[in-house]
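What follows is a set of notes on a single structure, which appears directly below.
Naming: A, B, ... by sequence-line order, numbering from 1 per chain.
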Amino acid sequence: MARQNRARRPDETDEAGFFEEVYALIAQIPRGRVVTYGQVAALLGVPRGARAVGWALRVLDESRAATVPWHRVVGAGGRISLRAGSGPTVQRRRLRAEGVRFRNGRIDLTRYGVLSSLPTSPRAQRPSS
DNA sequence: GGGGTGACTTTAT
DNA sequence: CATAAAGCCACCC
């Protein structure tokens with residue numbers, strides 16, 4: 001089906017799919033800075049699309065990964081969210097190499113976060129009560 | 001067009 | 001602070 005206008009931003013085209021937008025945005029993250037999945041999603045107009053962002057990075061193939069600084073995307077609270085395996089270690093090492101310091105396995109988003117003023121994710125959930 | 005999936009996030013116990 | 005459960009989203013079959 002012709003995907004509906006998923007681009008929520010007026011200056012964004014929907015030709016490139018959400019994933020591409022994610023890649024484009026991440027590609028602009030300055031070296032030594034990080035951003036959370038939730039922030040990326042929010043910037044693309046999907047406040048609750050953090051999970052979708054993770055999806056975009058998950059399907060990144062090797063060649064594409066070379067052009068997208070995926071390691072600069074971290075979980076809420078500045079924690080490495082990559083699943084077990086070779087992931088967390090590599091990401092942490094890369095960030096360290098860029099000057100990002102870890103505090104008990106976490107990153108101070110107020111210092112290294114590109115959007116220190118923007119919440120990692122809007123609080124609008126209510127599992128119950 | 002329905003359903004599964006997961007590099008998320010938050011709230012509750 | 002650790003574990004559990006539940007929303008939310010876009011992509012793919």
* Asked: Who are the side-chain hydrogen bond (donor to acceptor under 3.5 Å, both in side chains) partners of A:E20, not counting sequence neighbours?
  ->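 A:E20 satisfies side-chain hydrogen bond (donor to acceptor under 3.5 Å, both in side chains) with A:R64 once adjacent residues are dropped.
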* Asked: C1' atom, C:dC13 versus B:dA7: distance in rounded Å?
  ->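 Straight-line distance between the two C1' atoms is 22 Å.
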Measure the distance from [atom1] on [X] to [atom2] on [N] and round it to the nearest whole Å.
| X | N | atom1 | atom2 | result |
| --- | --- | --- | --- | --- |
| A:L60 | C:dC11 | CG | C1' | 14 Å |
| A:Q39 | B:dT10 | CD | P | 10 Å |
| A:L44 | C:dC11 | CG | C1' | 15 Å |
| A:R79 | C:dA2 | CZ | P | 8 Å |
| A:L82 | B:dG6 | CG | P | 14 Å |
| A:W55 | B:dG4 | CH2 | C1' | 8 Å |
| A:Q91 | B:dC8 | CD | P | 11 Å |
| A:Y37 | B:dT10 | OH | C1' | 17 Å |

* Asked: Between A:R106 and A:F19, who's closer to the 5' end of DNA chain C by nearest nucleotide?
  ->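 Nearer the 5' end of the strand: A:R106.
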* A:R96: salt bridge (Lys or Arg N to Asp or Glu O under 4.0 Å) partners, not counting sequence neighbours ->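 If we apply the salt bridge (Lys or Arg N to Asp or Glu O under 4.0 Å) test to A:R96, skipping adjacent residues, there are no hits.
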* **Carboxylate-amine/guanidinium proximity below 4.0 Å for A:R33 and A:E98** =>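 Salt bridge between A:R33 and A:E98, a charged N being under 4.0 Å from a carboxylate O: no.
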* To do: Look only at the side chain of A:N104 and the backbone of A:R106, and say whether a donor-acceptor pair between them is shorter than 3.5 Å.
  =>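 Not at all, since once roles are kept as given, no pair shorter than 3.5 Å links the two residues.
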* Asked: Side chain of A:F18: nearest nucleotide among B:dA7, C:dC8, C:dA10?
  ->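 My answer, after comparing the listed nucleotides, is C:dA10.
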* Asked: Which nucleotide in the list B:dA7, C:dC9, B:dT10 gets nearest to the side chain of A:A76?
  ->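 Selected nucleotide (nearest to the side chain): B:dT10.
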* No-H, no-angle donor-acceptor pair, A:R51 side chain to C:dG7 base, under 3.5 Å ->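 A donor-acceptor contact between them is present.
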